[in-house]
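What follows is a set of notes on a single structure, which appears directly below.
Counting starts at 1 for both ligands and their atoms, following the listed order.
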Amino acid sequence: MTTPFTVAIDGPAAAGKGTISKAVAAHFGFAHLDTGLLYRAVGARMLTGEDPIAAAQNLSAEDLDNADLRTAEIAQAASKVAVIPEVRAALLDFQRAFARRAGGAVLDGRDIGTVICPQAEVKLFVTASADIRAQRRFAELQERGADTDFDTVLADVKARDTRDSTRADAPLRAAEDAVQLDTTTLSIDAAVQAAILAVKDRL
Ligand code: C5P
């Protein structure tokens with residue numbers, strides 16, 4: 001495929017966006033961008049004392065190539081820098097260009113269907129209860145050997161939900177024309193199949 005085709009996948013932390021995005025991208029041969037990594041990379045640089053706006057303005061590929069970006073500390077820092085309009089503005093062009101590249105693209109984040117790519121051919125909004133999402137995130141962190149407990153992870157998930165949904169600039173919300181997938185009851189495999197079908201319908 002040589003024309004642009006954008007799949008926008010939004011939703012709160014640990015709802016299953018990452019798994020669904022990777023599966024959709026692999027199935028159709030589309031490129032995939034996890035936009036949370038951009039905010040995490042800015043958050044990581046803020047934690048080293050850098051001004052987050054300056055960090056967002058000169059982010060490089062090396063900033064994204066950092067295994068530590070997945071830690072709980074950096075997740076919180078990411079959601080703090082994500083509130084700053086200048087940080088969001090600095091990351092806009094890169095995301096829009098990625099979304100409209102030839103050959104198809106899947107972007108997952110919080111504002112892809114609403115702000116980055118309102119003209120996306122397919123929009124999905126993936127949700128799950130805070131409890132289920134915290135269970136998934138806790139299992140993931142344990143697998144990586146992180147020293148944490150369930151209550152801390154649940155509190156972190158809820159704090160990020162609140163910060164992400166109540167910020168003035170590009171808050172987390174479903175686009176009106178998004179297909180909703182609730183992975184509280186739907187297995188991730190079933191959600192992947194539903195996502196693939198939604199894309200097939202538009203191709
Ligand atoms: O998706 P992930 O959990 O990696 O995102 C980390 C944080 O980055 C989110 O909690 C959110 O504050 C921010 N983010 C955002 N807009 C996006 C992607 C992520 O504000 N498109």
Side-chain angles (χ1 to χ4, degrees), residues 6-22 24-25 32-47 52-53 55-56 59 63-99 105-118 120 123-128 130 132-141 144 146 148 152-175 178 181 183 188:
T6 311
V7 183
I9 305 188
D10 291 305
K17 298 187 302 291
T19 310
I20 295 170
S21 302
K22 281 187 207 117
V24 168
H32 171 224
L33 178 65
D34 169 0
T35 64
L37 274 186
L38 304 173
Y39 293 91
R40 285 173 183 261
V42 174
R45 282 175 55 175
M46 179 186 73
L47 290 175
I53 298 173
L59 212 59
D63 286 308
L64 304 182
D65 189 20
N66 171 359
D68 291 343
L69 293 182
R70 297 282 175 203
T71 64
E73 189 193 14
I74 291 182
Q76 291 298 329
S79 89
K80 288 180 187 158
V81 301
V83 169
I84 306 168
E86 291 86 348
V87 166
R88 306 198 70 83
L91 302 175
L92 199 71
D93 287 350
F94 174 73
Q95 294 176 83
R96 284 201 175 139
F98 192 97
V106 181
L107 286 83
D108 71 283
R110 303 291 187 287
D111 63 339
I112 309 303
T114 51
V115 174
I116 303 297
C117 213
K123 296 181 191 176
L124 304 174
F125 195 78
V126 187
T127 52
I132 290 278
R133 290 185 288 119
Q135 280 174 28
R136 290 183 193 148
R137 188 46 53 90
F138 181 52
E140 234 175 78
L141 289 169
R144 268 190 270 125
T148 187
T152 307
V153 175
L154 180 62
D156 276 3
V157 160
K158 287 183 172 169
R160 270 210 291 153
D161 282 357
T162 303
R163 213 180 286 120
D164 291 350
S165 336
T166 57
R167 68 182 175 222
D169 193 13
L172 166 66
R173 63 177 178 79
L181 296 175
T183 65
I188 297 286

Quiz item: According to the salt bridge (charged side-chain N to carboxylate O under 4.0 Å, His left out) rule, which pairs have a member within residues 10-21, sequence neighbours left out?
Solution: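 Sorted pair list comes back empty.
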Quiz prompt | Pairs meeting criterion salt bridge (charged side-chain N to carboxylate O under 4.0 Å, His left out) with involvement of residues 76-94, two or more places apart | solution =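 Pairs touching residues 76-94 that pass the test: R88-D111.
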Would you tabulate the side-chain donor-acceptor contacts of residues 152-160 under 3.5 Å, counting partners in other chains and residues two or more places apart, or write 'none'?
from: T152; atom 1: OG1; to: D149; atom 2: OD1; distance (Å): 3.0
from: T152; atom 1: OG1; to: D149; atom 2: OD2; distance (Å): 3.0

Self-check item: Neighbour count above 12 (heavy atom, 6.0 Å) for R173 CZ
Solution: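 No, CZ of R173 has 12 or fewer neighbouring heavy atoms, counting only those of other groups under 6.0 Å.
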Practice problem: Might you confirm whether atom CD of E140 has over 12 heavy atoms from other residues, nucleotides or ligands at distances under 6.0 Å? | Solution: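 Yes - once you tally the heavy atoms of other residues, nucleotides and ligands closer than 6.0 Å, there are more than 12.
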Practice problem: Give the protein residues with at least one non-hydrogen atom closer than 4.0 Å to an atom of ligand 1, ordered by chain and number. | Solution: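 Residues near ligand 1: T35, G36, Y39, R40, A78, S79, A82, R88, G109, R110, D111, R160, D164, R167.
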Practice problem: State whether a side-chain donor-acceptor pair under 3.5 Å links R136 with T183. | Solution: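 A pair is found: one side chain offers a donor N or O, the other an acceptor, under 3.5 Å apart.
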